Amino acid sequence: MGKISRNKRPKSLSHGRPPTVHKPAASLSAKATRNLIRSHHQLQKSRARALADGNADLVGELDKKIAALGGLESYQLASKKGQSKDRGGDSSKVLIEWLKPELDRLKGCKSRLRLLEVGALSTRNACSAVNSIDVTRIDLHSQEPGILEQDFMERPLPTSDLERFHVISLSLVLNFVPDPTTRGEMLWRTTAFLDSTPPTPSHGDLLPCLFLVLPAPCILNSRYFTENRLQAIMSSLGYTMLKRKLTSKLIYQLWKYERPVHPQRREFKKEMLNPGVTRNNFTVVYKPAKDAN
Ligand SMILES: C[S@@+](CC[C@H](N)C(=O)[O-])C[C@H]1O[C@@H](n2cnc3c(N)ncnc32)[C@H](O)[C@@H]1O
């Protein structure tokens, strides 16, 4: 088996990802779209495992399979279809509904809410249609000029509140990340980008906050992850859940962030929490960095 030496291993998700292939998906049924998304997730997970094992041959084989499916671009097209009205809709509508009290406060003010949308597929979703929100959109593979091509895991950490946001949207992104430890790091990273200074002095109790959307089975049907575990990780980071909505497919949550005065970050390992043969293996592992604050 061909080995990848440690210093040649990709440092980040985007480096570790196979190249995108420009082969737009044809018009697909809802079932075929779901299957395509599932196959992408499975291949990406196997690829992350092969990379961690240094198995270059297997990585190459999996890259070919991912490219044969149409690469990241076909995955994004399938995800965009999932956002269409007939396939469950745009998740940012829920965010706008939840932010309404803050948006009402901003009426007639010059101040605007700064929102970072990680994993943005379009510049025309519900949050982009609100005048009082300034949206910064990033994605590993930008599909429009208004979306910056950037890996959130490599976005330079802010040095002032001007580089921070009142709201971060992480909608169907955490489950896309193939490695559980990187998922934990991604959640921690969100805290570094949230601004504790409200856009108006008379703000409510929602800001700063993280909008998190996951496929419901990640939380409700995993052997290694539960809603209690998510709650424990989030509260150790300084988050408190304000809103929650469950549909047959997705779980939406709004988490308010408050920088802990005395951070007590705990480690969360992969552990059997909910045994069962029909369950999936989704999990989030969190290892506090020594210098994390
Ligand atoms: C399933 S799509 C979700 C899109 C949209 N937010 C939604 O709710 O439908 C996941 C997107 O997240 C992007 N993504 C995953 N990890 C990312 C990262 N580290 N930085 C930026 N974008 C990322 C992928 O490129 C992909 O376009």
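Atoms within each ligand, like the ligands themselves, are counted from 1 in listed order. The model shown is predicted, which means the values in this text are computed figures rather than measured ones.
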Could a heavy atom of M186 be found less than 4.0 Å from some atom of ligand 1? yes
Mind checking ring-ring contact (aromatic ring centres under 6.0 Å, His included) for F268 and listing every partner two or more places apart, or none if nothing turns up? none
Between L157 and R189, is any pair of side-chain heavy atoms under 4.5 Å apart? yes
Sub-4.0 Å heavy-atom contact, V213 with ligand 1: no
Out of S142, S171, S169, whose heavy atom sits nearest atom 8 (O) of ligand 1? S171
For ligand 1 and L121, I'd like to know whether there is a polar contact (N/O to N/O, distance under 3.5 Å). no
Ion pair present between R124 and E144, side-chain N to carboxylate O less than 4.0 angstrom? yes
Among S91, G119, S92, P178, which residue places a heavy atom closest to atom 12 (O) of ligand 1? G119
With a heavy-atom distance limit of 4.0 Å, tell me whether F176 approaches ligand 1 through its side chain, its backbone, both, or neither. side chain
With a heavy-atom distance limit of 4.0 Å, tell me whether Q150 approaches ligand 1 through its side chain, its backbone, both, or neither. backbone
For residues 166-175, which side-chain donor-acceptor pairs fall under 3.5 Å, sequence neighbours excluded?
from: H166; atom 1: ND1; to: R114; atom 2: N; distance (Å): 2.9
from: H166; atom 1: NE2; to: T197; atom 2: O; distance (Å): 3.3
from: S171; atom 1: OG; to: S91; atom 2: OG; distance (Å): 2.7

Would you please say whether a donor-acceptor pair under 3.5 Å links the side chains of D139 and S142? no
Looking at I138, L172, D139, the heavy atom closest to atom 25 (O) of ligand 1 belongs to D139
